[in-house]
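This chain uses plain numbering: 1 for the first residue, then up along the sequence. Because the structure is predicted, anything quoted here is derived from the model rather than measured. Computation of the quantities below employed the complete heavy-atom set of this structure, encompassing side-chain atoms and omitting hydrogens, waters and symmetry-equivalent molecules.
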Amino acid sequence: NNSLTVHQSRSEPWRITLIDTGHETSTGGRLKRIAPYLGDEDFCLTYGDGVADVDLRRVLSFHKEHKLLATVTATLPPGRFGSLKLSGHVVRKFQEKPLGDGGYINGGFYIFNPQVKKYFPNKENFSIETEVFPLMKNLYVFESDEPWIDIGVPERLAWARDNWQE
């Protein structure tokens, strides 16, 4: 209904723009559709299907310090399986679902300089990850060791609601 409810009179000095970019639009197409609203300041972007305890102030500081066009936040997903530490054929330790299963993933939290637009292909729908990022010479990653949870499907959203620590 295009209404806004303010729940607290105190707020952060943020400017938030919510834009419906279409259900079937890919990542680059979404970014291209919001471009007219960006202005000339660096901006944050997230896909909205992941929850993480990412310190965005630290990510922004890293981004500005390195004068980057784009910063990707790498996160450690919850492990899918428990692991065993072995010594030969002897189990020395059980570790229940370690973070990351050994590797970082794209956490879906970005900081962009508006000049990233010059890397957009001349089409309406495209992938940031496969059609824009490979063209960039200074695409950096900010590594976050904080927990990350995918909430893109109802089962994982329910799990996050039941298990996420405050």
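In this structure the side chain of Phe62 reaches within 4.5 angstrom of the side chain of Leu68, judged on heavy atoms. Side-chain contact between Asp145 and Tyr104 is present, with at least one heavy-atom pair separated by less than 4.5 Å. Put simply, the side chain of Lys32 does not reach to within 4.5 Å of the side chain of Lys117, judged on heavy atoms. Between Glu146 and Val54, every side-chain heavy-atom pair lies at or beyond the 4.5 Å cut-off. Pro114 is listed as a side-chain neighbour of Asp42, based on a closest heavy-atom distance under 4.5 Å.
Here the shortest heavy-atom pairing between Arg30 and Thr25 reads NE-O, 2.9 Å. Here the shortest heavy-atom pairing between Arg92 and Ser87 reads NE-CB, 3.3 Å. Nearest approach of Ile149 to Ala160, heavy atoms of both residues: CG2-CB, 3.9 Å. The heavy-atom pair separating Val141 from Ala74 by the smallest distance is CG2-CB, 3.3 Å. Shown here for Asn125 and Gly29, the closest heavy-atom pair between the two residues is OD1-CA, 3.9 Å. Scanning both residues, Ser26 and Ser127, for their nearest heavy atoms gives OG-N, 4.1 Å.
The neighbour count for Asp40 CG, taken as heavy atoms of other residues, nucleotides or ligands under 6.0 Å away, does not exceed 12.
Atom-to-atom distance recorded for His66:NE2 and Phe142:CZ is 10.5 Å, nearest 0.5 angstrom. Separation of atoms CG (Asp150) and CZ (Arg156) is listed at 4.0 Å; rounding is to 0.5 Å.
In this structure, Thr73 contributes its side chain and Phe109 its backbone to a donor-acceptor pair below 3.5 Å. Put simply, the side chain of His63 never gets that close to the backbone of Val59: no donor and acceptor are under 3.5 Å apart. Trp148 contributes no side-chain N or O that, together with a main-chain N or O of Thr75, makes up a donor-acceptor pair within less than 3.5 Å.
Clustering of Ile, Leu, Val, Met, Phe, Trp and Tyr side chains at separations under 4.5 Å places Leu135 together with Ile19, Leu31, Ile34, Tyr37, Leu38, Phe43, Leu45, Tyr47, Leu69, Val72, Tyr110, Phe112, Val116, Tyr119, Phe120, Phe126, Ile128, Val132, Phe133, Met136, Leu139.
When each of Asp55, Leu56, Leu60 is paired with Arg58, the side chain to side chain contact (heavy atoms under 4.5 Å, CB included) condition holds for Asp55 and for no other.
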